[in-house]
Asks: 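Right, I'll just put the structure down here and ask away after.
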Amino acid sequence: YEYFLNADEFSGAYYSVANGVNQMVRSHVDTTLDIVEILNAYSKGDFSKDMKPLPGKKTAINQTIVNVSKNLNGISGAINQLVQEALSGQLDQKIDESEYEGQWRKMTAGLNERMSVIDTPIKEAENSLKAAVDGKLDSYITGDYKGAFESLQNAINTTLNQLSAIVGDISRVTTLLSQDNYNIDIA
């Protein structure tokens, strides 16, 4: 709440003191309202708001606002870049955690871990299927996965088992045929 002295009730030096107190209070209230406006914009995702330069030791407020804006823009940009890279299939990309401190570092570490949790089983599935193309039908996915990745693992491993059985049956049949044995039981 704003409270000002009625300077007109005073005269002489008291008038000057009351007027000076009012100016000081007005300055602090204006600075506080500017900070509140900036923080409100930041809370809504608008990190572009800046503060008019303050005099004297109040420049520390300006520098703090600049630092907060820089960190918010930095983390926002890093997350947006990570998302764009993931959308283009680059799942092995990471945010440089060393650029951040405190909760920012913890948050970037969590995002990097999440990207690894996605990237690792996909790479293992890719390697397994590439090996299968080369005839290595025992190239199972062996990681310890949960949820959708466990389902993917089971589907690929089951497919490899089925392909191996089919190739085994074909090999058995061709061996029998090469021995002029036409009495073949296909299950």
Side-chain angles (χ1 to χ4, degrees), residues 36-50 63-187:
V36 168
E37 182 182 335
I38 290 168
L39 292 177
N40 189 39
Y42 288 178
S43 74
K44 295 177 181 174
D46 179 3
F47 308 138
S48 66
K49 293 283 185 194
D50 205 357
Q63 190 56 51
T64 300
I65 295 290
V66 166
N67 289 342
V68 169
S69 176
K70 179 182 170 190
N71 282 334
L72 290 171
N73 279 309
I75 195 73
S76 174
I79 291 170
N80 287 331
Q81 181 177 349
L82 190 67
V83 168
Q84 290 306 310
E85 289 167 342
L87 290 173
S88 68
Q90 299 175 35
L91 300 177
D92 59 342
Q93 301 300 307
K94 305 282 185 279
I95 295 174
D96 184 359
E97 297 169 32
S98 69
E99 292 184 19
Y100 303 97
E101 297 176 8
Q103 288 298 319
W104 297 119
R105 182 173 286 182
K106 198 175 200 180
M107 186 168 50
T108 57
L111 286 169
N112 286 342
E113 184 178 346
R114 180 158 182 127
M115 292 305 294
S116 290
V117 164
I118 294 169
D119 186 47
T120 301
I122 289 176
K123 279 189 176 168
E124 190 173 358
E126 176 187 18
N127 292 336
S128 177
L129 293 172
K130 281 181 178 178
V133 166
D134 293 336
K136 298 174 188 152
L137 299 178
D138 60 349
S139 57
Y140 300 110
I141 297 175
T142 58
D144 182 22
Y145 302 116
K146 307 284 185 254
F149 295 119
E150 182 179 24
S151 295
L152 177 65
Q153 176 181 22
N154 291 337
I156 290 174
N157 288 346
T158 299
T159 300
L160 291 174
N161 279 333
Q162 293 291 351
L163 284 173
S164 184
I166 291 169
V167 168
D169 287 345
I170 291 171
S171 179
R172 184 178 57 82
V173 168
T174 56
T175 299
L176 291 172
L177 289 174
S178 71
Q179 298 170 350
D180 290 331
N181 183 351
Y182 302 106
N183 188 12
I184 301 172
D185 180 27
I186 299 177

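This one's a predicted model, so the numbers in the text were calculated from it and none came from an experiment.
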Asks: Are the side chain of S88 and the backbone N or O of E85 linked by a donor-acceptor pair below 3.5 Å?
Replies: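 Judged by distance alone, yes, a pair lies under 3.5 Å.
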Asks: How close do S139 and A131 get, heavy atom to heavy atom, and via which atoms?
Replies: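 What the structure gives for the nearest pair is OG-CB, 3.3 Å.
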Asks: Salt bridge check: are K146 and D144 linked by an N-O gap of less than 4.0 Å?
Replies: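 Here K146 pairs with D144 in a salt bridge, since their nearest N and O are under 4.0 Å apart.
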Asks: Can you name the nearest heavy-atom pair linking S98 to D96, along with the distance?
Replies: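 So the two residues come closest at OG-OD1, 2.6 Å.
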Asks: As a quick check of understanding, evaluate side-chain contact (heavy atoms from CB on, under 4.5 Å) for I75 and F47, giving each step before the final call.
Replies: CA-CA 11 Å; I75 195 73; F47 308 138; over 6 Å; no
Asks: Counting N and O atoms only, with roles assigned by atom type, does the side chain of D119 sit under 3.5 Å from a partner on the main chain of M115, one being a donor and the other an acceptor?
Replies: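 Looks like no, no N/O pair under 3.5 Å.
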Asks: Taking side chain as C-beta onward, heavy atoms only, is S151 less than 4.5 Å from N154?
Replies: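 They are not in contact (no side-chain heavy atoms under 4.5 Å apart), so the answer is no.
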Asks: Got a second to check how far L82's CG is from N112's CG, nearest 0.5 Å?
Replies: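 CG of N112 is found 7.0 Å from CG of L82.
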Asks: When you look at CZ of R114, are more than 12 heavy atoms from neighbouring residues, nucleotides or ligands closer to it than 6.0 Å?
Replies: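 Not buried by this count: 12 neighbours or fewer within 6.0 Å.
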Asks: Drop me the distance from I38's CD1 to I65's CD1, to the nearest 0.5 angstrom.
Replies: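 Answer for the CD1-CD1 pair, I38 versus I65, is 4.5 Å.
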Asks: Donor-acceptor pair, distance only, cut-off 3.5 Å: does the side chain of Q93 make one with the backbone of A86?
Replies: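 Side chain of Q93 to backbone of A86, a donor-acceptor pair under 3.5 Å: no, none is there.
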Asks: What distance do I156 atom CD1 and L129 atom CG have between them, rounded to the nearest 0.5 Å?
Replies: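 One gets 4.5 Å once the value is rounded to the nearest 0.5 Å.
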Asks: Where is the tightest heavy-atom contact between E124 and T142, given as atom of each residue plus distance?
Replies: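 E124 and T142 have their closest heavy atoms at OE2-N, 2.6 Å.
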Asks: Mark yes when over 12 heavy atoms from residues, nucleotides or ligands other than Q179 sit less than 6.0 Å from its CD; otherwise mark no.
Replies: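 Atom CD in Q179 is packed in, count exceeds 12.
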Asks: Counting only N and O atoms by type, is there a donor-acceptor contact under 3.5 Å from the side chain of S171 to the main-chain atoms of V167?
Replies: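 Flag not set: sc S171 to bb V167 has no pair under 3.5 Å.
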Asks: Is any side-chain heavy atom of F149 closer than 4.5 Å to a side-chain heavy atom of I118?
Replies: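 With C-beta onward as the side chain, the pair touches.
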Asks: So with a 6.0 Å cut-off around CD of E150, is the heavy-atom count from everything else above 12?
Replies: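 Yes, the 6.0 Å shell around CD holds more than 12 heavy atoms from other groups.
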Asks: Starting from the C-alpha separation in whole Å, work towards a yes-or-no answer on side-chain contact (heavy atoms from CB on, under 4.5 Å) for L160 and D138.
Replies: CA-CA 7 Å; L160 291 174; D138 60 349; over 6 Å; no
Asks: Shortest non-hydrogen contact from S48 to D46?
Replies: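 What the structure gives for the nearest pair is OG-OD1, 2.5 Å.
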Asks: Whether the Y100 and N71 side chains hold a donor-acceptor pair (N or O, under 3.5 Å, no angle test) is what I'd like checked.
Replies: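 N71 and Y100 do not have a side-chain donor-acceptor pair below 3.5 Å.
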Asks: For residues Q63 and N67, is any side-chain donor paired with an opposing acceptor at under 3.5 Å?
Replies: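 N67 and Q63 do have a side-chain donor-acceptor pair below 3.5 Å.
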Asks: Donor-acceptor check, side chain of N80 to backbone of S76, threshold 3.5 angstrom: yes or no?
Replies: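 Side chain of N80 to backbone of S76, a donor-acceptor pair under 3.5 Å: yes, one is there.
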Asks: Apply the test side-chain contact (heavy atoms from CB on, under 4.5 Å) to residues Q81 and I95: give CA-CA distance (whole Å), side-chain angles for both, the deciding distance (0.1 Å), then the verdict.
Replies: CA-CA 9 Å; Q81 181 177 349; I95 295 174; over 6 Å; no
Asks: Pairing donors with acceptors under 3.5 angstrom, does anything connect the side chains of K94 and T108?
Replies: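 No pair is found: no donor N or O on one side chain lies under 3.5 Å from an acceptor on the other.
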Asks: If you look at every heavy atom in D92 and K123, which pair is closest and at what distance?
Replies: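 Between these two residues, the closest heavy atoms are CB-NZ, 3.7 Å.
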Asks: Any idea which heavy atoms bring I141 and N157 closest together, and the distance?
Replies: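 Scanning both residues, the minimum pair turns out to be N-OD1, 2.8 Å.
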Asks: Just how far is it from atom CD1 of I170 to atom CG of L163, taken to the nearest 0.5 Å?
Replies: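 That separation rounds to 9.5 Å.
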Asks: For A125, is there any backbone N or O sitting under 3.5 Å from a side-chain donor or acceptor partner on S128?
Replies: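 Not a single qualifying donor-acceptor pair exists.
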